[in-house]
Protein chains: 2
Amino acid sequence: MRPRKRGPANKKATLVDVAERANVSAITVSRVINQPDKVSEELRLRVQQAIDALGYIPNQSASSLASARSGVIGVSIPSLSNVVFNDVLSGIYDVAGASGYKVLLVDTHYSPLEEERMVRTLLSQSPEAMIITGGEQTDACQRMLKNARVPVVQMMELLSEPLDMNVGFSHHQAGYAMAEQIIAAGYQRVGFVGARMDKRVQQRLAGFRQALEERNLFDTALVATTPKPSSIGLGGEMFRSLMASTQGAVDAVFCCNDDLALGALFESQRMNIKVPEELGLCGFNDFEASTFVNPSLTSVYTPRYDMGVQAATMIVNVLKGEPQSEKIVDIGFEVRLRQSTRRTAN
Amino acid sequence: MRPRKRGPANKKATLVDVAERANVSAITVSRVINQPDKVSEELRLRVQQAIDALGYIPNQSASSLASARSGVIGVSIPSLSNVVFNDVLSGIYDVAGASGYKVLLVDTHYSPLEEERMVRTLLSQSPEAMIITGGEQTDACQRMLKNARVPVVQMMELLSEPLDMNVGFSHHQAGYAMAEQIIAAGYQRVGFVGARMDKRVQQRLAGFRQALEERNLFDTALVATTPKPSSIGLGGEMFRSLMASTQGAVDAVFCCNDDLALGALFESQRMNIKVPEELGLCGFNDFEASTFVNPSLTSVYTPRYDMGVQAATMIVNVLKGEPQSEKIVDIGFEVRLRQSTRRTAN
DNA sequence: GATTGCAATGATAGCGCAACCATTGGCGCT
DNA sequence: AGCGCCAATGGTTGCGCTATCATTGCAATC
């Protein structure tokens, strides 16, 4: 390599440049940045001055390489556009940021193959820990994660055999609980509307189905699903088509999330179907709108922000070397009954 | 440093390990990874085999350090929980991902000081480009960005003096246009409900105000603002309190975004105020719910996904060395009139 | 048949930083 | 006084990779 040109401010300043200017050794500059209490007040000020004067910004690549610490937590989620992950990410960012970690985020578009590619990308950044979604990684992906020898949290759902740590709740139980409540509210012919149909949605459906089967109320004809991504518009469409195909032989509908449920609710208004009197309606995740819409929408609250906080906290604690309390955390859920299932008659 | 222990798989595999196993030089392995066409078929296969066998994952820190290319685009947004940025991020991620760039994302919580801190963090990762939000960076922050000598896109709004590139639309014009439409629909006493009141919301308000003032319709008493973050719940509260404080002397309300507007709409339903007959209502950003709610909500559509795509595309083109068409792109907006301002009488 | 050109591969030398160990000097203790 | 100790600072080395410049061998050219 050619000797570097030494023109004026030709290149970004390095540790050595700062050291020269402050008339100290490079390692002292490094200490000023990373372990300021190990440096005398006087030197620290002198060095800080040189840093400011040169506009020095440490090169994290070099630091990572030399110290084997990147300060990065890799996070993989299946969808950036699904609002559910916003809240989770907020929790992760808040905790990670407060502990000085950077978050490198990737979107797998609900594809295990893309997830594998993305995890490889993340691992090449030498993250100190990983937070990933669910448990449907490819074998190769799981192997990579194990070889990486960093703490891993799988979040969003409870797993029977997590790779390492796990925080989530049982989507099966949640689906079951919601179904029970619908029935308890007096509805009998309960339909299901589901989109995307990823693993977690399937589990909700399974829970729902079990609750109904136990009471001999389950009817496949009342279940409508699609691999398309959820949206309010889709919820409306699916609702209308379910009502048509069943010729109204449905007295309640459980939507696999609140987008669909809101769409169904708005559509039912246009169809002049009275909710909750003629039809019960409920969703999942409890978005803010569900509280405020008229009638307010029954839903299953999922502690998404807390889940993100929990995931990041587990990571940070392990990285700090603190004793680990729990490897698996059930963050729970909460059925929130509102007007949309409050059948007055019956 | 001590000689590294050579136990079995004691450490993660390196380029050299792969090279030894494949019986080639290290640089050849590097080529197999980065410029496969420069290596003969035979060697390429042999090396690939070794890579797979060892589960080798390149160390991006070392690569960045040696090549001065990180493959990272730094992105700074003011809020992770504001859904508006979801769409923008989706666009950025789609384009960046397709071009092989990683995205390092930070959240500044609408604070210029935190933004400065976060930009410093981003720059320490040697990003090849930066995408940041708006133009209210601190002086120090702007200086850092200039010294970094990487392409920078400021997005979300049009700036008179962008640091480098700029993509957005005029919030002033958008506010003005919406106000014009409200008036054209026959409303006269138009209120404004705004939350967060960041620069862009202020510009919307300024545009709104100008349109009303030009017609002698502006009345400060009808403007309600708060620094709190927007939400549906807040929209309901602010609407109710505006109606109370003005004793109903308002015949339309422009909310600075759709969260507030939906909250206001739901609240108006509970207050038995007929929209659009007794009251016109409109929002901003055009969330999906606005299309489907009853009555459907007039709003200003903002091309958020496209804006993300545009920002990332500009970056990628510059990085590719392609001739740059435009440094400043006005991505536009579109007033979408719906039922909530469709006054039947008058 | 000698020359040129190019494709394929290798050797060497850093990139900027921090781990490690060494050195210095001052302090408290017996 | 002599010893050990610790705080403050520095010198050297190497983290894992790629830019750069060889080197090799072979085909195409006249």
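Proteins come first, then strands; the chains are lettered A, B, ... in the order of their sequence lines, and each starts at number 1. Computed from heavy atoms alone, side chains included, the values below leave out hydrogens, waters and symmetry copies.
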Would you indicate whether the side-chain heavy atoms of B/Val75 and B/Val106 approach each other to under 4.5 Å? no
Please determine, for the side chain of A/Ser30, which listed nucleotide (C/dA18, D/dT18, C/dC17) has the closest atom? C/dA18
When rounded to the nearest 0.5 angstrom, what distance separates CD1 in B/Ile92 from CD1 in B/Ile315? 9.0 Å
Would you mind reporting whether A/Tyr56 and A/Leu15 have side-chain heavy atoms less than 4.5 Å apart? yes
Remember a base hit wins even if backbone is also touched, and classify B/Leu15 as base, sugar-phosphate or nothing at under 4.0 Å, heavy atoms. base
Checking B/Ser25 against B/Thr28 for the side chain to side chain donor-acceptor pair (under 3.5 Å) test, could you report, in this order, the C-alpha distance in whole Å, the side-chain angles of both residues, the deciding distance, and whether it holds? CA-CA 5 Å; B/Ser25 73; B/Thr28 299; 3.2 Å; yes
Using the salt bridge (charged side-chain N to carboxylate O under 4.0 Å, His left out) criterion, which residues pair with A/Arg120? Sequence neighbours excluded. A/Glu116
Give, for atom CD of A/Glu136 and atom CG of A/Asp198, the distance between the pair rounded to the nearest 0.5 Å. 7.5 Å
For DNA chain D, whose closest nucleotide is more 5', that of B/Leu65 or that of B/Gln35? B/Leu65
Just checking, is any N or O donor in the side chain of A/Ser111 or A/Thr108 under 3.5 Å from an acceptor N or O on the other one? no
Could you tell me how far apart B/Gln125 (CD) and C/dG16 (P) are, to the nearest whole angstrom? 16 Å
Nucleotides 4-11 of chain C: which of its N/O atoms have a protein N/O under 3.5 Å away?
from   : atom 1 : to      : atom 2 : distance (Å)
C/dT9  : OP1    : B/Ser40 : OG     : 3.0
C/dT9  : OP2    : B/Ser40 : N      : 2.8
C/dT9  : OP2    : B/Ser40 : OG     : 3.2
C/dG10 : OP2    : B/Ser25 : N      : 3.1
C/dG10 : OP2    : B/Ser25 : OG     : 3.1
C/dG10 : OP2    : B/Thr28 : OG1    : 2.5
C/dG10 : O6     : B/Arg31 : NH2    : 2.9

Whole-Å distance separating the CZ atom of B/Arg69 from the P atom of D/dA19: 9 Å
Close side-chain approach of B/Val18 and B/Thr14, heavy atoms under 4.5 Å: no
Contacts of B/Leu159 that satisfy side-chain contact (heavy atoms from CB on, under 4.5 Å) - sequence neighbours left out: B/Gln154, B/Glu157, B/Pro162, B/Asn166
Could you tell me which residues satisfy side-chain contact (heavy atoms from CB on, under 4.5 Å) with B/Asp164, sequence neighbours excluded, listed by chain and number? B/Pro151, B/Val152, B/Lys327
Note the angle between the end axes of the helix from C/dG1-D/dC30 to C/dT30-D/dA1, five pairs defining each, rounded to 10 degrees. 30°
Walk me through whether B/Leu105 and A/Leu104 qualify under side chain to side chain contact (heavy atoms under 4.5 Å, CB included). CA-CA 7 Å; B/Leu105 174 69; A/Leu104 196 59; over 6 Å; no
Just to be sure I understand the geometry, which residues of residues 51-60 of chain A put a non-hydrogen atom under 4.0 Å away from DNA chain C? A/Tyr56, A/Pro58, A/Asn59
